[in-house]
Protein chains: 2
Amino acid sequence: MLKVATVNVNGIRAAYRRGMAAWLEQTDPEILLMQEVRATDEVLRDHLGGDWHIAHAEPVIEGSKGRAGVAIASRRPIKLETVDPGPERFAGCGRWVEAEIVLDDGNTLSAISTYVFTGEFETPPRQAEKYAFLDAITNRLTALRADGRHVLMCGDLNIAHREVDLKAWKANRKKSGFLPEERAWLDSLFESGWVDLGRRFGGEGPGPYSWWSWRGKAFDNDAGWRIDYQIASPQLAASATDCVIHRAPTYAERWSDHAPVVATYEI
Amino acid sequence: MLKVATVNVNGIRAAYRRGMAAWLEQTDPEILLMQEVRATDEVLRDHLGGDWHIAHAEPVIEGSKGRAGVAIASRRPIKLETVDPGPERFAGCGRWVEAEIVLDDGNTLSAISTYVFTGEFETPPRQAEKYAFLDAITNRLTALRADGRHVLMCGDLNIAHREVDLKAWKANRKKSGFLPEERAWLDSLFESGWVDLGRRFGGEGPGPYSWWSWRGKAFDNDAGWRIDYQIASPQLAASATDCVIHRAPTYAERWSDHAPVVATYEI
DNA sequence: CTTGGTAGG
DNA sequence: CCTATCAAG
């Protein structure tokens, strides 16, 4: 049995200050994938404490200190760590990290933590960067699946797939995060066999969501988006028994603007 | 009877967040002089609320947004507001404001709120700026006293006068804030008739102090400095009946790193 | 150790 | 509305 949790922590320091440690102890995942770590490697390791093997893509490009950052913490050893999804333009961006982990059955799992660009900003234009990153993901996933291993991509894709995946879908049809091109990218991913565990176990919807703006009453009104995913290769997906979003009971109990997505695989 | 309070609020927003309003309501001064307001005029007025006449020197020089700022809030009308101590080099620095207030006896009071430069930084060198500001103060005070009005200069002078005015005087003999030249400036001010109300009513010392670093256990150990003053012209000083420093009971009850200095004048 | 401004989300 | 960095104190 393999319990996997993914969450955009929105700053590991702030998350711990607000109570992430209690959630982690109670949930006790075998693998924890994080996005927006927003800290140095030293700070990340200090917060998580011992007994973890950690793969961390800290952004290294100029002016990116305290931004982005993705990591994978594993109770089992990490055989190989790979940073960046491939193309040179994304070198050191702190948005992609892979960890090869050997499972009980001897098979290899490539676990991925990714944090896709927000496309919503006009200056500089970021939507093109987002599409380029999605392309890079497609290529990298295809390469990883070639040798038959298990692949699990987790993270904040900054895309809601269908109308049931965000509360205000009508108002957001022309907004980055719910553009036809972005949704089509997820369509083609799922059509080629990758499985969206959140939707498989999340019912018909609308909801559940995984992100709510801190602003106004977005959380209390459940005006959220499902933009955080566990996306598994077919064989791995077939072994899944559960996938739930850990929405905090109250606004005050949130320790991130995102909620964890937690899945169990019988593998 | 005229109750006057002066305090370096270290950011009016932070001070209100931490409980300044309760202190202000309980103390209920006729005139409240503030330093390090660190806010726009609109924000200052929003926080103080109605029923005040306000003179505010907001810093206007490039890159000074959110820094310095001195203000005078008065329950009685302010006849004339003057900003800056005079020399062009201090134009718009947000460290000096005067308010002319007509007293019950028909006399005019020039109340001053000032925030003298910290000299402790090496790059850029600030000690020279501090001495130049002290010179400007001397000249301006002399001019104000010429026509026989009452003058009350309140504020954070960033100078402890004598050994009894800071806990660690031995360790600070070569530090800005307790340099011989700075102490001599206060000596000559008091020798020319200006009166340090805090010392007149504060006993022999050591202490009381008006500022403690936020760092370490400075507050709990009372490792402070008396750098906040009410300095009155001779006639006004003669009418004073009391001057006390409102040190918070506990660290948690502080709403600034400085404590208010509150005096009463029978005039 | 705390302040506010700032860029980013 | 929240994150972190930054200069300043």
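Below, chain A is the first sequence line, B the second, and so on; all start at residue 1.
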Where at least one partner belongs to residues 207-223 of chain A, residue pairs that pass salt bridge (charged side-chain N to carboxylate O under 4.0 Å, His left out), sequence neighbours excluded: A:D222-A:R247

Whole-Å gap separating C1' (C:dG9) and CD1 (A:I227): 10 Å

Length of the line joining B:E58:CD and C:dG5:C1', which is rounded to integer Å: 14 Å

Atom-to-atom span, CD of B:E36 to C1' of C:dG4 - whole angstrom: 11 Å

Nucleotide D:dC1, atom P - distance to CH2 of A:W255 in whole Å: 22 Å

Electrostatic pair A:E36:A:R67 at N-O distance under 4.0 angstrom: no

Of residues 10-19 of chain B, the positions that come close to DNA chain C - non-hydrogen atoms, cut-off under 4.0 Å: B:N10, B:G11, B:R13, B:A14, B:R17, B:R18

Spacing of B:H258 atom NE2 relative to D:dA8 atom P, expressed in whole Å: 18 Å

Pairs where residues 169-185 of chain A contributes a residue and the test salt bridge (charged side-chain N to carboxylate O under 4.0 Å, His left out) is met, not counting sequence neighbours: A:K130-A:E182

Sugar-phosphate only, base, or nothing, as touched by B:Y251 at under 4.0 Å among non-hydrogen atoms: sugar-phosphate

Side-chain donor/acceptor of B:R215 to base of D:dG9, under 3.5 Å: yes

C:dT2 OP1/OP2 closer than 4.0 Å to side-chain N/O of B:R254: no

C:dA7 OP1/OP2 closer than 4.0 Å to side-chain N/O of A:R126: no

Donor-acceptor pair between B:W185 and B:T138 side chains, under 3.5 angstrom: yes

Sugar-phosphate only, base, or nothing, as touched by A:F219 at under 4.0 Å among non-hydrogen atoms: nothing

Sugar-phosphate only, base, or nothing, as touched by A:R67 at under 4.0 Å among non-hydrogen atoms: sugar-phosphate

Heavy-atom donor-acceptor pair, B:S256 side chain to B:A15 backbone, under 3.5 Å: no

Among C:dT2, D:dC6, D:dC1, the one nearest A:W214 by side-chain distance: D:dC1

Parallel, tilted or perpendicular: rings of B:F219 and B:W212 (30°, 60°): perpendicular

Length of the line joining B:Q35:CD and C:dT3:C1', which is rounded to integer Å: 16 Å

Worked check of salt bridge (Lys or Arg N to Asp or Glu O under 4.0 Å) between A:R199 and A:D165: CA-CA 9 Å; A:R199 182 49 67 207; A:D165 293 318; 2.6 Å; yes

Spacing between B:D257 atom CG and C:dG4 atom P, to the nearest angstrom: 11 Å

Touch class at under 4.0 angstrom, heavy-atom based, for A:Y115 against every strand present: sugar-phosphate

Atom pair distance, as rounded to whole Å: CH2 in A:W212 and C1' in D:dT3: 18 Å

Phosphate OP1/OP2 of C:dA7: any A:K65 side-chain N/O under 4.0 Å: no

